Amino acid sequence: MSPMKILIYTHSFAPIIGGAERYVVLLGQGLSSHTHSEAGIDVEVTVVTPTPSGNFDDSKLGFRVVRQPKLSTLVALIWKSDVVQLAGPCFLPLLVAWLLRKPIVVEHHGYPPACPNGLLFYEPSKAVCPGYFLARRYDKCLRCNACTEGWLKSVRMLFLTFPRRWLCQHVAVNAPISEHVRLRLKLPRSQVIYYGIPDASAERESRLITPSNVPPPCFAYVGRLVSLKGLPSILEAAKSLQMDGYAFRLKFVGDGPEQPELRRLTEKLDLGKYVEFTGFITGTAAQAAMHDVAAVLMPSVWEETAGLAAIEQMMRGRLVIASDIGGLGEVVGDCGLLFPAGNAKALAQCMMRVLDNPEIIAQYGAAARRRAVGLFSQQRMVKEHVDLYRRLAGLPDPGHESRCRP
């Protein structure tokens, strides 16, 4: 049997670093790494992206990558594919694949079919949007985006949302990355497929047995330093701990436009001796920075669609303290500590609970890992995609055939 040809289109890809970019890499590698004998098929993967390679070596990925294709090339690639998978509702390939009547799977890691800016975060009030586009309050959408993009671009963003949503309503399958996203988008033929990542058990065991896990406990934020992440609340919570006489340390692992303001706030609150900014680090440097971290803080003030960073830390057996908002609260569940988004006092209480009861670090960490292994493994994610592709390509279920074989 000839391999099933899967085209994965992503607007943003390596060397850019982010959750959606990592999802495409892990999915592509998982699909390409072995013959899916349990599904009775081989899979041939091609990732298409307008992102230039820079100095990135595509050959190490293990699957074919086509960058910055001409329209004619894109059309030809889509035409030759059995199933088209889009990482987000990218308009041009979505339209081309629909015109060519290809089975389309749209992975939704944001809200573009229900919000012109894709964030469901209202400006200038910086509050979670109740869903003005779906409620046909288009004046609200225009005002929101005009605050940051200007009126002309705001109008363009609004008008493009209509055909984007219509196309998503007519694809074979919409694949939101959390139940929360499914409920917010309200699209037909939706099937939730959670992100999946490789197991990190070896790194976890190394971290737990090291003697460097000693007081004072260290909390860390890991990721981009941007306003949507609610990072000032970490410093406000830290100030409460300081005033109550707690010993602790705090790290910001990452970089972003909010770093200067966070440094200023750190000095203003007299937290300099407690706080460390590592900047952007990867590989062994990032592992070393996280080696003594007892709990990871994720105080987002927008509705995170899933929280890949939370999944990664849970897989490593770390306690996650997170805003109970969007897909982030869904991912963490009862295997971490949750608090109302934007509530620095509640965050401080969660951190105090850890400092007062250090034994819960290991207890929650173990529970978080069990949840991550069960729900967020790369193997599970790849299998769910393979099963979906097989169904859309009209291939028989090998399990059904074996059961029916005399």
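Please read these numbers as outputs of a predicted model, since none were measured by experiment.
Every residue was checked against the ring pair (Phe, Tyr, Trp, His ring centres under 6.0 Å) condition with Phe121, not counting sequence neighbours, and none meets it. Looking at residues two or more places apart in sequence or on another chain, you find no ring pair (Phe, Tyr, Trp, His ring centres under 6.0 Å) involving Phe13. The side-chain hydrogen bond (donor to acceptor under 3.5 Å, both in side chains) test applied to Arg165 returns no partner, not counting sequence neighbours. Residues satisfying the side-chain contact (heavy atoms from CB on, under 4.5 Å) test with Val66, not counting sequence neighbours, are Thr46, Val48, Arg64, Pro69, Leu77. Here Lys5 pairs with nothing under the side-chain hydrogen bond (donor to acceptor under 3.5 Å, both in side chains) rule; sequence neighbours left out. Judged as a ring pair (Phe, Tyr, Trp, His ring centres under 6.0 Å), and not counting sequence neighbours, Tyr111 has no contacts. Glu312 pairs by the salt bridge (charged side-chain N to carboxylate O under 4.0 Å, His left out) definition with Arg22, not counting sequence neighbours. Applying the ring pair (Phe, Tyr, Trp, His ring centres under 6.0 Å) criterion to Tyr246, with sequence neighbours excluded, gives no partner residue.
Sorted by first then second residue, the salt bridge (Lys or Arg N to Asp or Glu O under 4.0 Å) pairs that include residues 142-152, not counting sequence neighbours, are Asp139-Arg143, Glu149-Lys153. Legend: side chain to side chain donor-acceptor pair (under 3.5 Å) pairs involving residues 114-131, not counting sequence neighbours, sorted by first then second residue: Asn117-Asn145, Glu123-Lys126. For residues 74-101, the set of pairs meeting the side chain to side chain donor-acceptor pair (under 3.5 Å) definition, not counting sequence neighbours, comprises Tyr23-Gln85, Gln85-Tyr389.
Using modelled atom types and a 3.5 Å distance limit, the side chains of Glu179 and Tyr194 yield no donor-acceptor pair. Between the side chains of Arg263 and Gln259, a donor-acceptor pair is found at a separation under 3.5 Å. Remark: the Ser300 side chain and the Glu304 side chain contain an N/O donor-acceptor pair separated by less than 3.5 Å.
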Residues 332-344, side-chain donor-acceptor partners within the protein, below 3.5 Å, at least two apart:
unit_1, atom_1, unit_2, atom_2, d
Asn343, OD1, Lys345, N, 3.2
Asn343, OD1, Ala346, N, 2.9

Inset, instruction - Go through Asp387 and Arg390 one step at a time and tell me if the salt bridge (Lys or Arg N to Asp or Glu O under 4.0 Å) criterion holds. - result: CA-CA 5 Å; Asp387 291 344; Arg390 186 195 63 236; 3.2 Å; yes
Inset, instruction - Evaluate the salt bridge (Lys or Arg N to Asp or Glu O under 4.0 Å) criterion for residues Arg264 and Glu267: first the C-alpha distance (whole Å), next the side-chain angles of each, then the deciding distance (0.1 Å), finally the verdict. - result: CA-CA 5 Å; Arg264 282 192 289 270; Glu267 295 303 317; over 6 Å; no
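Formation of a donor-acceptor pair under 3.5 Å by the Arg249 side chain with backbone atoms of Val293 is not found in this model. Judged by distance alone, the side chain of Arg67 and the main-chain N or O of Thr51 form a donor-acceptor pair under 3.5 Å. Panel note: side chain Ser190, backbone Leu187; a donor-acceptor pair is recorded below 3.5 Å.
Nearest heavy-atom pair, Gly307 versus Val331, reported as atom, atom and distance to 0.1 Å: O-CG1, 4.4 Å. The minimum heavy-atom distance between Arg224 and Gly256, with the atom names listed, is NH1-CA, 3.6 Å.
Proximity of Ile177 to Val192: side-chain heavy atoms (C-beta onward) are nowhere separated by under 4.5 Å. Using a 4.5 Å heavy-atom threshold, the side chains of Ile193 and Leu388 count as touching. Between Ile325 and Val301, every side-chain heavy-atom pair lies at or beyond the 4.5 Å cut-off.
The aromatic rings of Tyr274 and Phe248 sit parallel, their planes meeting at an angle under 30°, below the 60° perpendicular limit.
Ring centroid separation for the pair Phe133 and Tyr138 comes in under the 6.0 Å cut-off.
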